[in-house]
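These notes are about the structure you will find just below.
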Amino acid sequence: MSIQTRQIGSLTVSALGLGCMGMSEFYGTPDEHAGIDTIHRALDLGVTFLDTADMYGPFTNERLVGRAIADRRDEVQLATKFGNERNPDGSWVGINGSPDYVRRACDASLERLGVDHLDLYYQHRVDKTVPIEETVGAMAELVEAGKVRHLGLSEAGAETIRRAHATHPITALQSEYSLFTHDVEDEIVPVLRELGIGLVPYSPLGRGILTGAVTRESLESDDSRATGRFPRFSGDALDANLALVDKVKELAADKGCTPGQLALAWVLAQGDAQLGVAPIPGTKRVRYLEENVGALDVELTGDDLAALDQAVPRDAVAGERYGDMSTIDA
């Protein structure tokens, strides 16, 4: 089976990707076997755009993805990220965009993934202590060496994107974007359109809340959403946000799809000929992957989009998307 493709910058990917982070960390108990089964099912369905990062695990998620694609590398558009530096015990070091670290991080990722090149290599967060020209200059060396095919940034601001693109063409920006998060629309999306850079929305389901499956009781104690890291899942904010989800559920029922499919269809509908948009919803379960793929069959009319905008007004979501927003480039 194959699904439609999207052009993000200079790279062609499956219209829907797969975020692999939760297979190893952050969203409840990791399940390596289920994660590998999910990646295999994704490839069978034509979801070939896989996203990981060195910090997930840390380091274990890249190894998992590498094992899953070992005999299917040619089918995959493989993306990973560097820059959120962690120790093997999981402790946080900091954001690192130094040229030497860029080179070392890439070589380490290639080894863990068991591949000789990366299709897309992102700077995970902007290091505000290192000029972006120096970081992207080192990334460009990786392209020249054949280790990386395309370059990306994650959560970079408009001016940073311009400076980076002037140093070496940037293919994609990965940023949070969903019915619950519109931050990129004002200043960043116009720059992406102008420069021909694609948008890869992460958390297009609002970290799962837009599936309708999240309740105060459903989050495991080791789930980062239950620890205060994401204020939208705590206290009164969670109650307010679940009320918004109820409105999405109603619209989904009228449309004959799940709320998650409706939310993903909204994200997919934000792309056009000038802006390639390829969201990467994450899951570690085959059944949720299959549900997400069903979003590609949900066609939204102008009235549908207007109803969603009315049900979830841009500024209605309660709480910041991170407890600490200091690592987001503005």
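This is a predicted model, so every value here is computed, not measured.
- To the nearest 0.5 Å, the span separating CD1 on I132 from CD1 on I161 amounts to 9.5 Å.
- For the pair R321 and F233, the NZ or CZ position fails the cation-pi test of under 6.0 Å to the six-membered ring centre and within 45 degrees of the ring normal.
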Subject >> Derivation and outcome, side-chain contact (heavy atoms from CB on, under 4.5 Å), residues D51 and Q174 >> reply: CA-CA 10 Å; D51 184 88; Q174 182 176 136; 2.9 Å; yes
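- To the nearest 0.5 Å, atoms CD (E320) and OG1 (T181) are separated by 10.0 Å.
- Here the side chain of N87 pairs no donor or acceptor atom with the backbone of D89 at under 3.5 angstrom.
- The closest side-chain donor-acceptor pair between S326 and D324 falls under 3.5 angstrom.
- Distance alone, capped at 3.5 Å, places no donor-acceptor pair between the E62 side chain and the F59 backbone.
- Relative orientation of the Y177 and H182 rings is perpendicular, given thresholds of 30° and 60° on the angle between their planes.
- For the side chain to side chain donor-acceptor pair (under 3.5 Å) test with Q77, the passing option among T48, D119, T12, T5 is T48; the others fail.
- Cluster annotation: V126 and L199 are assigned to distinct hydrophobic clusters (Ile/Leu/Val/Met/Phe/Trp/Tyr, side-chain heavy-atom contacts under 4.5 Å, transitive).
- Ring-plane geometry between F82 and Y121 is classed as tilted, the angle between the planes lying from 30 to 60 degrees on a 0 to 90 degree scale.
- Here L296 contributes atom CG and L264 contributes atom CG; the two are 8.5 Å apart, rounded to the nearest 0.5 Å.
- Judged purely by atom type and a 3.5 angstrom limit, S109 uses its side chain to pair as donor or acceptor with the backbone of A105.
- Rounded to the nearest 0.5 Å, atoms OG1 (T283) and CE (M21) are 11.5 Å apart.
- Rounding to the nearest 0.5 Å places NE2 of H117 at 8.0 Å from CG of L78.
- A distance-only check finds a donor-acceptor pair linking the side chain of S14 to the backbone of F49 [under 3.5 Å].
- In this structure, R232 contributes its side chain and F180 its backbone to a donor-acceptor pair below 3.5 Å.
- Looking at T160, its side chain never comes within 3.5 Å of a backbone N or O of A156 through a donor-acceptor pair.
- Side chain of R73 to backbone of V76: a donor-acceptor contact under 3.5 angstrom is found.
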**OP:** Report the C-alpha distance between E155 and Y122 in whole Å, list the side-chain angles of each, state the deciding distance to 0.1 Å, and finish with yes or no for side-chain hydrogen bond (donor to acceptor under 3.5 Å, both in side chains).
**Re:** CA-CA 10 Å; E155 292 287 6; Y122 295 101; over 6 Å; no
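- Atom CZ of R162 is separated from atom OG1 of T167 by 13.5 Å, given to the nearest 0.5 angstrom.
- Formation of a donor-acceptor pair under 3.5 Å by the N241 side chain with backbone atoms of A318 is found in this model.
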